[in-house]
Structures are given as structure tokens and as C-alpha cells.
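Just so we're clear, the structure is a prediction, and the values are computed from it rather than from any experiment.
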Amino acid sequence: MATESIQDIKRRIKSVSSTERITNSMKLVSAGKLRKAKAIFEKTNENSHYITNTIGELFNTGRDVPQDYLEGSREIKTTAYIVVTSGRGLCGGFNTNIIKEAQKDIDADWEPPVIIAIGSKGKEYFEKHGYNVHSSYLAPPESISFLEAKELVKPILEMYDKKEIDEVVLIYTSFISTLEQEVKNETLLPFKIENDPELITDTKFIEYEPSVEAVFNYLIPKYVEMKIYSAVVESATCEHAARRMAMENATDNAREMLDTLNLNYNRARQSAITDEIIEIVAGSEAQH
């Protein structure tokens with residue numbers, strides 16, 4: 001009985017040791033990918049803020065700003081949701097948290113939503129639950145280029161211009177730190193800009209060529225393109241951070257299990273040796 005117990009423990013030690021090596025390797029790979037993705041995200045984030053600030057300045061200093069893309073310009077009926085998930089698992093609650101946020105908004109809608117899935121996990125979830133996924137981008141998020149983001153945005157803007165959709169909502173994971181990420185829900189269109197008293201003047205306005213409308217209509221699509229591209233890059237950063245943390249926790253748990261199993265193995269082995277000694281002593285006394 002003791003021998004069988006020892007063999008069982010040895011098999012479990014071998015299995016957990018194999019798992020520990022795999023999770024530790026995945027943690028190291030994710031840490032390397034995280035460093036690269038974080039560098040791209042930080043650079044992209046600067047460009048995104050620049051475009052947003054430019055639009056804000058234009059809104060506050062120009063005359064005759066077009067209202068088509070601004071909040072309050074139309075009744076919100078049909079919403080397009082751009083949901084950014086990962087293409088792989090083993091990253092803790094990363095995908096679950098995004099999908100929960102998207103599902104909460106979709107459940108509150110009166111009209112059927114238009115879903116654009118970036119990442120296969122979101123696409124699989126919504127298709128499984130009977131939703132029609134309008135379009136998707138399934139390549140690894142960190143490999144997306146700005147041109148690919150632009151092609152992804154183009155049909156969305158066309159639907160908005162044709163009034164087939166009235167709102168564009170972006171749901172993704174925001175990077176706070178390596179240890180903390182947060183699901184964000186942003187309305188990209190219609191665009192909301194707060195008036196800045198420091199930029200507004202009653203007598204002096206900046207002149208834009210060829211016109212405020214032309215400049216504004218050029219910048220808004222660029223803003224949406226940059227926001228989506230930035231969100232995909234940021235989500236990739238968060239995915240690697242979440243996977244690194246998940247694999248680190250899994251590795252720590254495996255090592256704790258190994259400590260416990262080794263302790264149990266030593267106890268079982270000591271018990272087996274003691275039983276053998278007792279049998280030898282009992283046999284020797286029986287001969288006398």
C-alpha cells in the first residue's frame with residue numbers, strides 16, 4: 001500500500017514539475033513580448049493625444065464647426081460596438097472582463113447591435129450566443145499596422161455617414177501598470193468635446209484652410225483610426241501583462257504543490273522504511 005502511494009506521489013511530482021516548467025517558460029516569453037508591446041503603446045499614445053488635442057483646439061477656436069460628428073447631432077438608435085479581445089487564452093480574466101462589459105451594454109440596447117470583433121475570443125463568444133458579427137480582425141493584436149486599422153475603420157465611418165449606425169463604442173483594456181489593467185468603454189462617435197475657456201476668444205479666431213469643415217472632416221476619421229489602433233496596441237500590452245501575471249501565479253502554485261508533494265513523498269517513504277524495519281524486527285523475534 002505504501003509503495004503504491006509513493007508511486008502515485010512520484011507521478012504527480014513529475015506531472016506538476018512539467019507544468020511548472022511550461023508556465024515558467026510562458027511567463028518569460030510574455031515578459032519579453034510585454035516590453036516590446038509597451039514601447040509601441042507609449043509611442044502610439046502620444047500620437048493619439050496629439051490628434052485629440054488638435055480637434056479640441058479646432059472646435060474651440062474655429063467658426064462654423066460641422067455638427068455631423070458631434071454629440072447631440074442625431075438620435076442614438078443603432079450602436080456599433082468595437083470589442084477588443086485576445087486571440088489566445090491563459091491570460092486570467094482578461095477576455096472575460098471585456099466581454100462582460102460589452103454584454104452589459106448590448107443587453108441595454110433596444111436595437112440589434114453592430115458588432116466588430118478584434119480578436120478571436122470576442123468573435124467566438126458573440127457568434128456562440130447568436131449575435132451577428134459584422135466584421136472581425138483575427139491576427140495577433142500586436143501585429144496590427146496603422147493601415148490595417150484604417151481599413152477596419154473605413155466601413156464603420158461609411159455606416160455612420162449613411163446613418164446606418166448612430167454611435168460607435170470602443171470597448172478595450174486600458175494599461176495602468178504591469179500589475180493593473182482596466183476595461184474601458186469609450187464613445188468614439190458622436191464626438192464629445194468640452195469647451196475650453198482658455199482657448200475661446202470672442203474677437204479672435206484662427207483661420208483654417210481650405211475651411212474649418214474640411215479640416216474637421218479630415219481629422220475626425222483620423223482620430224477614430226488612431227483611437228482604434230491605439231486601443232488594439234494597448235490591449236495587446238495588457239494581454240501580455242495579464243498572461244505574464246497568470247503564468248507567474250500558476251508557476252508559484254505549481255512550486256507550492258511540489259513542496260507539498262515532496263514533503264508527502266518523504267513522509268510516505270519514511271513510513272515505508274519504518275514498516276519494513278518493523279517487519280524485519282518482528283520476523284527476527286519470531287525466530288527466537
- line: Scanning both residues in full, the closest heavy-atom pair of Ser30 with His240 reads CB-O, 3.8 Å

query: Any side-chain donor paired with an acceptor under 3.5 Å for Thr173 and Ser235?
result: no

query: Quick one: does Asp166's side chain have a donor or acceptor within less than 3.5 Å of a partner on Lys77's backbone?
result: yes

task: Before giving the answer on side chain to side chain donor-acceptor pair (under 3.5 Å), spell out for Ser174 and Glu234 the whole-Å C-alpha distance, their side-chain angles and the decisive distance to 0.1 Å.
output: CA-CA 6 Å; Ser174 174; Glu234 187 170 4; 3.0 Å; yes

- request: Please indicate whether Arg74 has more than 12 foreign heavy atoms, meaning atoms of other residues, nucleotides or ligands, lying under 6.0 Å from its CZ.
  value: yes

- request: Output, in order, the C-alpha distance, side-chain angles, deciding distance and verdict of side chain to side chain donor-acceptor pair (under 3.5 Å) for Tyr81 and Asp109.
  value: CA-CA 11 Å; Tyr81 294 96; Asp109 279 355; 2.6 Å; yes

task: Could you walk me through whether Tyr131 and Gln103 pass the side chain to side chain donor-acceptor pair (under 3.5 Å) test, one step at a time?
output: CA-CA 11 Å; Tyr131 293 98; Gln103 187 68 66; 2.9 Å; yes

query: Atom CD1 in Ile165, atom CD in Glu111: separation rounded to 0.5 Å?
result: 13.5 Å

- prompt: Rounded to the nearest 0.5 Å, how far does OG1 of Thr96 lie from NZ of Lys121?
  reply: 9.5 Å

- request: Would you check if there is a donor-acceptor pair between the side chains of Glu167 and Tyr160 at a distance under 3.5 Å?
  value: no

query: Under 3.5 Å, is there a donor-acceptor pair between the side chain of Thr85 and the main chain of Gly122?
result: yes

task: With rounding to the nearest 0.5 Å, note down the distance linking CZ in Arg35 to OG1 in Thr178.
output: 10.5 Å

message: Other residues, nucleotides and ligands only: do more than 12 of their heavy atoms fall within 6.0 Å of CZ on Arg269?
response: no

message: Let's go through Ile228 and Leu152 carefully: what are the C-alpha distance in whole Å and the side-chain angles of both, what is the deciding distance for side-chain contact (heavy atoms from CB on, under 4.5 Å) to 0.1 Å, and is it a yes or a no?
response: CA-CA 9 Å; Ile228 291 177; Leu152 187 69; 4.3 Å; yes

- prompt: What is the minimum heavy-atom distance between Ala254 and Val16, and which atoms define it?
  reply: O-CG1, 3.4 Å

